[in-house]
Amino acid sequence: MSLKLYNTLTRTKEEFVTIEPGKVRMYVCGPTVYDKAHMGHAMSALVFDILRRYLVFRGYEVTYVMNFTDVDDKIIKRANESGEDPFVLGQRLIDDYKQNLVDLNILPATIHPRATQEMEGIVEMIQDLINKGCAYAVDGDVYFRVEKDADYGKLSHRNINDMQAGARIDVDERKEHPMDFALWKSAKPGEPYWGSPWGNGRPGWHIECSVMSREHLGDQIDIHGGGNDLIFPHHENEIAQTESVTGKPFARFWMHNGMLQLNGQDMSKSTGNLVRIEDFLRDHSGDVMRMIVLNGSYRGPMTFTDEVVAQAEKALERMRSALKPALPGAEGLSEADTREFHDALFNAREEFVACMDDDINTAGAVGKLFDLVRTINQARDRGANAEQIAFGQAGLLELTGVLGLTLAVEDKSAGNPASDYIDLLLELRAEVRQRKLYDLSDLIRNRLKALGVVIEDSREGSSWHFE
RNA sequence: GGCGACGUGGCCAAGCGGCAAGGCAAGGGUCUGCAAAACCCUGAUCAUCGGUUCAAAUCCGAUCGUCGCCUCCA
């Protein structure tokens, strides 16, 4: 069995072969930090976190780089509007984003480079491109010469001429070709700048990623990822820049996640059609968003609605149902049931891997996990003992762990001053039930339910939890 | 105009040539004093039309619809 991944470059699923055996170098485009991150960013970060975790599960040593683009026109604009220093703004938003990642249980990147800390390399690379005839300076700006790049457009599968037709933005007359893009922009008064052979200025949008991936991962990498809105122009231009300098293919696999849809349209910072990560996490655990992402395919558009969120919450509850302990006094499964149980566990794992190997088919993989949940719950009902249940749960938890689900229950009762009183009510209710005063015991249950406290009775007693 | 994605039961969504996974919701049942949970059972011929094939949700063509990129966006 081998892992296959969809490659935007070839538009096919290809067998995943790394440059260096056993090692994966991957670079994922992080956010431009001019505003707080929204759930679309969360989706992208989760998709590549899941990919990364699976690669590790498959035995690869993964070097994962996620950058921050912290110098950009919009950052400057936003900073000017609020009067905040652009660097302070960027730093604040980077800190916020990192906290978002932690809250979403996303593993920290091996390296989190920032554009502003790579200026020397950026200037060098631009100079390199000029020296090679791939770029030219005009009045303090530097542009990439797309006509010099024979295979420009190979990622987005377009050619320069087709795009000219739709280019309805004002074309800078100083450019040799309308599609030429900026590598360096001269600074206007009041803007932050860095020194360069072409005068004070700042890098254009795409060059920083070319530089950072090369700096931290080398000329050639295994995977380059990001949202599919980055295919053009961002990633196309990264390829043009990097390959023009190195003369070698840049990334083997270009992987792109689909967009998260809110109200039938992409979440987008520019249109304000979004839900911020921090707002979402106020009401939901990180697992919930992860479950939403897992339930779909990463390449297509993903539906994000209140109903989907609620469904994901319930799906998680179901998954956790398998984590409940064995029934008290369980005598253990019969030999035949034990064998069946073990076979089911083994098969679920095999099928899980088969799904994930097929271009990270998380929806299929999660389906297998729910099969496993049923298997475990069945075993419990059939009297599996603690050891047997724990064995099954360990198998489930290993795989949910690969997907990055914590399955943690938010213990809202811990430290809640009401807890002691609720415990007391349950004690009383137990006594009431002993005396078969069921109308009273039901009254307690109903009243607590109305207050958000759910009581569950079993042979061994009652338990409660907050909704 | 160019490039692309998508349309599967009430909702979310796998499957991509061989009798349609899974989750949520719904209905019936087992268990329970009742309830909850768990378990069991029930439901779709896959936008439309045409073609290829022994066989299509899965391939080809057309049509309709939705969304996206070509300008900053994960």
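All of these numbers come straight from a predicted model, not from anything done at the bench. Letters A, B, ... are given to chains in the order of the sequence lines, protein chains preceding strands, and every chain is numbered from 1.
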Looking at the side chain of [X], which of [options] is the nearest nucleotide?
X      : options                : value
A/F232 : B/rC69, B/rA74, B/rC34 : B/rC69
A/N295 : B/rC39, B/rG22, B/rC34 : B/rG22
A/V308 : B/rG2, B/rA74, B/rC12  : B/rC12
A/C29  : B/rA74, B/rG22, B/rC34 : B/rA74
A/T303 : B/rC39, B/rA37, B/rC12 : B/rC12
A/F370 : B/rA37, B/rG23, B/rC39 : B/rG23

Could you check how far [atom1] of [X] sits from [atom2] of [N], rounded to whole Å?
X      : N      : atom1 : atom2 : answer
A/H224 : B/rA74 : NE2   : C1'   : 12 Å
A/M255 : B/rA74 : CE    : P     : 18 Å
A/D381 : B/rA38 : CG    : P     : 10 Å
A/K368 : B/rG23 : NZ    : P     : 11 Å
A/R374 : B/rC40 : CZ    : C1'   : 10 Å

Ring-face cation of A/R158 near A/F232 (centre distance under 6.0 Å, axis angle within 45°):
yes
Do the non-hydrogen side-chain atoms of A/N100 and A/K36 ever get within less than 4.5 Å of each other?
no
Under 4.0 angstrom, heavy atoms only, what part of the nucleic acid is [X] near: base, sugar-phosphate, or nothing?
X      : result
A/D371 : sugar-phosphate
A/G40  : base
A/L260 : base
A/Q265 : sugar-phosphate
A/I292 : nothing

Only one of A/Y64, A/Y27, A/F68 passes ring-ring contact (aromatic ring centres under 6.0 Å, His included) with A/H112, and that residue is A/F68
Between A/R382 and A/E340 (salt bridge meaning N to carboxylate O under 4.0 Å), is one present in this structure?
yes
Detail all sub-3.5 Å separations between protein N/O atoms and N/O atoms belonging to nucleotides 24-32 of chain B.
from, atom 1, to, atom 2, distance (Å)
B/rA25, OP1, A/K314, NZ, 2.6

For nucleotides B/rG61 and B/rU71, find the distance between their C1' atoms and express it as a whole number of Å.
35 Å
